[in-house]
Amino acid sequence: MAFCNTLIVRTFTQTAAMAAAIKNVTVIGSGLMGAGIAQVAAQTGHHVTMVDIDEVAVGKAKDRIGASIQRVAKKKFAQDPEAGQKFISSALEKLQISTDAISSVKSADLVVEAIVENLDVKKKLFAQLDEVAPSHAIFASNTSSLPIGKIAAATNRKDRFGGLHFFNPVPVMKLLEVVRIPETSQGTYEAMCDWGKAMGKVTVECKDTPGFIVNRLLVPYMFEAVRMLDRGWHAEYPENTLFEPCELLTNMVAEGKHGVKSGKGFYEYNKK
Ligand SMILES: CCCCCCCCCCCCC[C@H](O)CC(=O)SCCNC(=O)CCNC(=O)[C@H](O)C(C)(C)COP(=O)(O)OP(=O)(O)OC[C@H]1O[C@@H](n2cnc3c(N)ncnc32)[C@H](O)[C@@H]1OP(=O)(O)O
Ligand SMILES: NC(=O)c1ccc[n+]([C@@H]2O[C@H](COP(=O)([O-])OP(=O)(O)OC[C@H]3O[C@@H](n4cnc5c(N)ncnc54)[C@H](O)[C@@H]3O)[C@@H](O)[C@H]2O)c1
C-alpha cells in the first residue's frame with residue numbers, strides 16, 4: 001500500500017510538474033493552423049514564438065492574429081471593453097515571431113509543428129530540433145493524416161512525442177485530439193491533455209490510426225457527399241454496401257437499446 005501510494009504521488013508529481021512546466025511554446029508554421037494555435041496559446045497566458053521559413057508569411061500571420069483576437073475580445077468582454085483591450089495587448093505582448101526554428105526552441109517546453117503536410121519535411125525538421133531543444137521539451141505534430149509514430153521516429157524523444165490535432169478555425173473550434181504512440185509516456189500524455197485544457201479545449205484521446213477520430217469519420221462522409229453529386233443523386237443503390245444493416249445496431253435494437261428513450265444504448269441514461 002505504501003509502495004502504491006508512493007507510486008501515485010510520484011506519478012502525480014511528475015505529471016503536474018510537466019504540465020506546470022509548459023510556459024514557453026514554440027509553434028512552427030504560421031499558416032492557417034499554426035497562427036490559430038499560436039494565437040490561442042498567447043491568449044491563454046503562454047509565451048509563444050511562432051516560426052515560419054517565410055518571413056512575409058509570418059508577418060502576415062501576426063496581422064491575422066491581431067484581427068482574430070479583436071473578434072474574440074469583442075465577444076468575451078462584450079460588457080467590459082477596457083478589459084478586452086487589456087486581453088488583446090497582453091496576448092500580443094506574449095507573441096514573438098521568428099524565421100529561425102533552431103534558436104526558437106532553445107527554451108521551449110512544448111514545440112507544436114504545423115508546417116506543410118509532408119512526412120519527409122516534418123521528419124527533417126524534428127530531427128534538427130531534437131538536437132537543440134531542451135531534453136524536457138515535448139514535441140507534437142498537428143498533422144491531419146500522417147502517422148505520428150513515423151514522424152517521431154526521426155527523434156530520440158519518442159516518450160516525449162505525440163499528436164495535438166487542432167481544428168480550423170482554432171480560436172473557435174473546441175475539440176483537440178491528443179494522439180499517443182505506444183512510446184508516449186503517461187506524463188507526456190497527461191501534460192499534453194492538461195495543456196489542451198489550459199488552452200480552453202476539450203481533449204479526446206486518440207490512438208495513432210489513420211484519420212484519428214474526426215477525419216476517420218469526416219473524410220468518408222465528405223467523399224460520399226461528392227460521390228452522391230457525381231452519381232446525379234439517384235434514388236436507390238441497393239447494391240451499395242454502405243446502406244447494409246450494421247450487425248451491432250441490429251443486435252442493439254433487438255436488445256431494446258434504443259438510446260435516450262429506452263434509457264440505454266451506447267451509453268446508459270438516467271431518466272429523472
Ligand atoms: C479514412 C482515412 C482518413 C485519412 C485522413 C485524410 C485526411 C485528409 C484531411 C483533410 C481535411 C483536414 C481536416 C483537418 O485535419 C481537421 C479540421 O480542421 S476539420 C474542419 C473543422 N472545422 C469546422 O467544421 C468548422 C466549420 N465551420 C463553422 O462552424 C463556421 O463556419 C464557423 C467557423 C463557426 C464560422 O461561422 P460563420 O457563421 O460561418 O461565420 P461568422 O463570421 O458569423 O463567425 C461565427 C462566430 O465565430 C467567430 N469566428 C469565426 N472565425 C473566427 C476566427 N478566425 N477568430 C475568432 N473568431 C472567429 C466569429 O467572431 C463569430 O462570433 P459571434 O459573432 O457569433 O460571436
Ligand atoms: N488546414 C486545416 O484545416 C488543418 C486542420 C488540422 C490540421 N492541419 C494540419 O496542420 C498542418 C498545417 O496546415 P495549414 O493548413 O496550417 O498549412 P498552411 O499551408 O496554411 O501553412 C503551412 C506553413 O508552414 C510553413 N512551412 C513550411 N515548411 C516549413 C518549415 N520547414 N519550417 C517552418 N515553416 C514551414 C509555410 O511557409 C506555411 O506558412 C498540416 O500538417 C495540416 O495537415 C490542417
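All values derive from a computational prediction rather than experimental measurement. Both ligands and their constituent atoms are indexed starting at 1 by order of listing. Quick note: numbers below take in every heavy atom, side chains included, and nothing from hydrogens, waters or symmetry partners.
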What protein heavy atom sits nearest [atom], and how far off is it?
atom                    : answer
atom 57 (N) of ligand 1 : Val172 CG2, 3.7 Å
atom 10 (C) of ligand 1 : Val219 CG2, 4.7 Å
atom 12 (C) of ligand 1 : Ser144 OG, 3.9 Å
atom 20 (C) of ligand 1 : Asn168 O, 3.9 Å
atom 6 (C) of ligand 2  : Phe166 O, 3.2 Å
atom 13 (C) of ligand 1 : Asn215 OD1, 3.6 Å
atom 9 (C) of ligand 2  : Asn142 O, 3.3 Å
atom 15 (O) of ligand 2 : Leu32 CB, 3.8 Å
atom 21 (O) of ligand 2 : Gly31 CA, 3.2 Å
atom 59 (C) of ligand 1 : Arg71 NH2, 3.4 Å
atom 16 (O) of ligand 2 : Met33 N, 2.8 Å
atom 8 (N) of ligand 2  : Ser144 OG, 3.1 Å
atom 28 (N) of ligand 2 : Ile53 CD1, 3.7 Å
atom 41 (O) of ligand 2 : Glu117 OE1, 2.5 Å

Please could you name the atoms of ligand 1 that [X] approaches to less than 4.0 Å, counting only its heavy atoms?
X      : answer
Phe167 : 16 (C), 17 (C), 18 (O), 19 (S)
Ser145 : 5 (C), 6 (C), 7 (C)
Lys75  : 62 (O), 63 (P), 66 (O)
Leu218 : 19 (S)
Ser68  : 53 (C), 54 (N), 55 (N), 56 (C)

Ignoring hydrogens, tell whether any protein atom lies closer than 4.0 Å to [atom]; use the non-hydrogen atoms only.
atom                    : result
atom 39 (O) of ligand 2 : yes
atom 7 (C) of ligand 1  : yes
atom 3 (O) of ligand 2  : yes
atom 39 (O) of ligand 1 : no
atom 35 (C) of ligand 1 : no
atom 31 (O) of ligand 1 : no
atom 43 (O) of ligand 1 : no
atom 53 (C) of ligand 1 : yes
atom 26 (C) of ligand 1 : no
atom 18 (O) of ligand 1 : yes

What I want to check is whether the side chains of [X] and [Y] have a donor and an acceptor closer together than 3.5 Å.
X      : Y      : result
Asn142 : His165 : no
Thr49  : Gln96  : no
Glu55  : Thr99  : no

For atom 22 (C) of ligand 2, the option (of Gly29, Ala61, Ala114) bearing the nearest heavy atom
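Heavy atom nearest to atom 22 (C) of ligand 2 belongs to Ala114.
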
Among Val112, Ile115, Leu146, Asn168, which one has a heavy atom closest to atom 12 (C) of ligand 2?
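That would be Ile115.
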
Spacing of [atom1] belonging to [X] relative to [atom2] belonging to [Y], to within rounding of 0.5 Å:
X      : Y      : atom1 : atom2 : result
Tyr221 : Arg216 : OH    : CZ    : 15.5 Å
Lys123 : Asp120 : NZ    : CG    : 6.5 Å
Ile69  : Lys74  : CD1   : NZ    : 15.5 Å
Glu177 : Lys207 : CD    : NZ    : 14.0 Å

Looking at Ser144, is its backbone amide N or carbonyl O close enough to the side chain of Asn215 to form a donor-acceptor pair, meaning the two atoms are under 3.5 Å apart?
yes

Taking a cutoff of less than 4.0 Å between a non-hydrogen atom of the residue and any ligand atom, is His165 in contact with ligand 2?
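For ligand 2, residue contact (heavy atoms, under 4.0 Å) with His165 is present.
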
cation_pi(Arg160, Phe139) dist<6.0 Å, angle<=45:
no

Heavy-atom count around Lys62 NZ within 6.0 Å, excluding the residue itself: above 12?
yes

Around atom NZ of Lys94, are there more than 12 heavy atoms from other residues, nucleotides or ligands closer than 6.0 Å?
yes

Do [X] and [Y] have side-chain heavy atoms sitting under 4.5 Å apart?
X      : Y      : value
Thr44  : Trp195 : no
Ile28  : Val112 : no
Ile65  : Met50  : yes
Glu247 : Met252 : no
Ser30  : Val51  : no
Val170 : Gln39  : no
Ile151 : Thr143 : yes
Val214 : Leu217 : no

Does ligand 1 have any atom that is closer than 4.0 Å to a heavy atom of His165?
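Yes.
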
Proximal atoms of ligand 2 relative to Lys122 (non-hydrogen, under 4.0 Å):
40 (C), 41 (O)

Numbering the atoms of ligand 2 from 1, which are under 4.0 Å from a heavy atom of Thr143?
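Listed by number with element: 41 (O).
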
Heavy-atom distances under 4.0 Å decide this one: backbone, side chain, both or neither, for Met173 against ligand 1?
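It is the side chain that touches ligand 1; the backbone stays farther off.
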
Distance-only N or O hit between ligand 1 and Arg216, under 3.5 Å
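No - when backbone and side-chain N and O of Arg216 are compared with those of ligand 1, no distance drops under 3.5 Å.
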
Looking at Lys264 and Glu255, is any side-chain nitrogen of the basic one under 4.0 Å from a carboxylate oxygen of the acidic one?
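Looking at Lys264 together with Glu255, the answer is no, because their closest N to O distance does not fall below 4.0 Å.
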
So that I can tick it off, tell me whether Arg180 and Asp208 are bridged by a salt bridge, with the cut-off set at under 4.0 angstrom between side-chain N and carboxylate O.
no

Could you please spell out the steps behind the side-chain hydrogen bond (donor to acceptor under 3.5 Å, both in side chains) verdict for Ser104 and Ser98?
CA-CA 7 Å; Ser104 298; Ser98 173; 3.2 Å; yes

Side chain or backbone, does Ser30 bring an N or O within less than 3.5 Å of an N or O on ligand 2?
no

Do any N/O atoms on Asp52 end up under 3.5 angstrom from N/O atoms on ligand 2?
yes

